[in-house]
Amino acid sequence: MGTAPPFDARWAWFLDIDGTLLDIAAIPSAVKTGPSDTRLVTGLYSECRGALALISGRSIEGIDKLFYPLRLPAAGQHGIERRDAKGRVRRHPFPEDAMRRAAEEIRAFVERHEGLLFEDKGASLAVHYRLAPQYGAAAHAILHKAAQHLGEGVEVQGGKMVVELKPSGQDKGLAIQEFMKEPPFRGRVPVFLGDDLTDEDGFHVVNRLGGHSVKIGSGVTSARWRLRDAAAVRRWLSEALYGSTKDPSPGGRTPSPSPSRP
Ligand SMILES: [Mg+2]
């Protein structure tokens with residue numbers, strides 16, 4: 001399974017992280033980047049003259065920890081926070097007090113159910129149930145209940161073995177749209193790679209902008225291209241950069257200015 005568009009140096013890259021660039025682990029904190037991952041992202045970033053942004057459900061703080069010492073343009077918490085190419089961070093307003101109260105309720109629920117993992121990202125709250133899938137339905141139910149309590153302004157976002165409560169009105173697609181209005185993204189062709197439900201907003205936007213949407217893995221999608229898994233993504237990006245599927249050793253080949261086609 002897998003076809004992807006032929007490379008073009010005029011692309012602007014938008015990359016989801018978990019399940020797209022990096023393999024999913026049992027818990028989000030177990031996901032790590034290796035030197036080849038940061039080298040790949042750095043290489044791509046300079047190849048497209050800085051028109052690259054990470055678009056994740058993680059917080060920007062979490063993204064920075066994962067890719068340390070890199071601090072790339074990024075949209076965190078599904079677009080609620082965004083760091084532009086100049087390094088300026090903008091957070092969309094959200095009902096902070098109400099989210100704090102919901103956080104306490106959800107934390108208490110998670111503590112009563114072994115294997116569930118609570119993640120408080122500030123503006124959004126996640127319950128991961130990869131280690132306790134039997135509680136998945138209950139986790140969805142408790143977040144829907146919390147969303148009902150809070151009323152307008154929040155929504156529930158499902159994902160792979162995770163359910164989240166987040167402010168409504170912002171999503172990954174809008175974040176990509178915002179990047180595309182600014183240099184160095186403006187005027188380029190957007191390409192978005194993602195693997196999960198929340199990435200569909202991004203696929204819609206790049207389809208509308210005449211860009212390339214690439215779904216990672218199986219499942220119904222509005223993306224126009226597909227790659228099998230994160231390993232296939234890394235191979236494909238390596239080809240874009242180095243013209244071969246081999247990860248170059250430091251001091252090996254320098255990135256080719258005109259990437260070869262897959
Ligand atoms: Mg993902």
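Throughout, numbering of the chain's residues begins at 1 and tracks the sequence. Numbering of ligands and ligand atoms starts at 1, following listing order.
- A side-chain donor from one of Gln177 and Arg208 sits under 3.5 Å from a side-chain acceptor of the other.
- Per residue Asp16, closest N, O or S atom to the Mg ion (ligand 1): atom name OD2.
- Taking the six-membered ring where the residue is Trp, Trp11 and Trp13 present perpendicular rings, their angle passing 60° and hence far from 30°.
- Distance alone, capped at 3.5 Å, is enough to place a donor-acceptor pair between the Ser46 side chain and the Gly43 backbone.
- Atom CD of Glu61 sits in a sparse spot, with 12 or fewer heavy atoms from other residues, nucleotides or ligands closer than 6.0 Å.
- Among heteroatoms of the N, O or S kind in Asp18, O lies nearest the Mg ion (ligand 1).
- In summary, no N, O or S atom of Asp196 is located under 2.8 Å from the Mg ion (ligand 1).
- Among the backbone and side-chain atoms of Asp199, no N/O/S atom is found under 2.8 Å from the Mg ion (ligand 1).
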Before giving the answer on side chain to side chain contact (heavy atoms under 4.5 Å, CB included), spell out for Arg226 and Thr221 the whole-Å C-alpha distance, their side-chain angles and the decisive distance to 0.1 Å.
-> CA-CA 9 Å; Arg226 202 188 287 268; Thr221 182; 3.6 Å; yes

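- For Asp195, the N, O or S atom closest to the Mg ion (ligand 1) goes by the atom name OD1.
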